[in-house]
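Heads up: the structure comes next, in structure tokens.
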Amino acid sequence: MPELPEVETVRKGLSQLVIGKTISKVEVFWPKIIEQLSPSDFNHRVSNQTIHEIKRRGKFLIFCLDQDVIISHLRMEGKYRYFPEVTKPNKHVHVVFTFSDGSQLHYQDVRKFGRMCAYHKNHVEEYPGIAKLGPEPFNETFDLKTFQQQLKKSSKAIKPLLLDQKIVTGLGNIYVDEALWQAKIHPETPANELKPKEIKELHRAIIEVLDKAIQAGGTTIRSYVNALGDAGNFQVELNAYGQEGMPCPRCGSPIQKIKVAQRGTHFCPKCQKKRGK
DNA sequence: AATACTACCTGCGTGC
DNA sequence: TGCACGCAGGTAGTAT
């Protein structure tokens, strides 16, 4: 489920539920989820620490404890579920945090791609996954001029370039298609061939698309239940992603689906013309 | 250094 | 019904 808006929604939801709680133990059923430490070392390291805050950087969640942080990435399908009482984990639960009041947080992940890691709280920025991230899209550091300069340096297709989190963080396969649709840019356009006007549109589109999605509480493709237990409440309107064959909301041409850098890619062949060349 | 491809996993839908 | 195959919202590791 997670691109930046979904992770932000999870962050807010979890904050309501677990801030102030003290971890009494952690059980790990799929050791690879935990980076660097063995399940038992991870348990010993974070047990008896209290969760004071949950932050987000890009698509990473950062649980701030007394001395340490737990950096958590949901990757494709990771989910947290909170239970007020000790609850039997289902078969897709790989990590269970039990708190001193008997409540629990279950980390569930069908594909087991998600990762978590204990880190000293003063070294978060050095965590490799976080160290390489570009600016947050809503931060002033994501300014048009820098964006323009970054794009000029790469001949890569714009879509995979935006997916790799270095120029701006937070876009995934859904919102990158949406942003490119909004800016009327073909996903395979080499970044350094974009015109200043297109770059300006794209910059604006990225911020708008992500902001709108956060306001809506994220997008749900398949039905899912978030940490608070509400089934996917709002739904952002998707103009391109998953709309193959549907009329483009702008011009009515059928949305096409192609593959770009091994990812399913949706676009309007009429509004998002491929550059001749 | 930059780019491209693959691995990591499970489950679901499709077509034979 | 069964099986093979392709596909899924992401990143890290390896090869070129």
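For B:dA7 and C:dC5, the P atoms lie 15 Å apart once the distance is rounded to whole Å.
Following rounding to the nearest Å, A:F113 (CZ) and C:dG10 (C1') show an atom-to-atom distance of 8 Å. Taking atom CG on A:D164 and atom P on B:dT3, their separation rounds to 9 Å, with Å as the unit. Separating the CD atom of A:E35 from the C1' atom of C:dT11 is a distance of 10 Å, rounded to the nearest angstrom. Distance, A:L161 CG to C:dG10 C1': 16 Å, rounded to whole Å. Here the C1' atom of nucleotide B:dC9 and the CG atom of A:L74 are 15 Å apart, to the nearest Å. Separating the CZ atom of A:R263 from the P atom of B:dC5 is a distance of 14 Å, rounded to the nearest angstrom. Between the NE2 atom of A:H92 and the C1' atom of B:dG11 there is a distance of 8 Å, rounded to whole Å.
Sequence order on DNA chain B of the closest nucleotides to A:S154 and A:Q262 puts A:S154 first from the 5' end. Comparing A:K156 and A:K91 against DNA chain B, the residue whose closest nucleotide sits nearer the 5' end is A:K156.
The side chain of A:S155 lies closest to B:dT3, out of C:dT11, B:dC9, B:dT3. The listed nucleotides are B:dT10, C:dG10, C:dA12; the one nearest the side chain of A:K132 is C:dA12. The side chain of A:K257 has C:dA8 as its nearest neighbour among C:dA8, C:dA12, B:dC9.
Taking 4.5 Å as the limit, every side-chain heavy atom of A:L4 sits out of range of all side-chain heavy atoms of A:Y175. The shortest side-chain heavy-atom distance between A:I34 and A:V26 does not fall under the 4.5 Å cut-off.
For the residue pair A:H52/A:D66, the side-chain donor-acceptor check at 3.5 Å is satisfied. Side-chain contact of A:H266 with A:D177: a donor-acceptor pair under 3.5 Å is present, judged by distance alone.
Nucleotide B:dA4 forms a pair with C:dT14, judged by Watson-Crick or G-U wobble geometry with both contacts under 3.5 Å.
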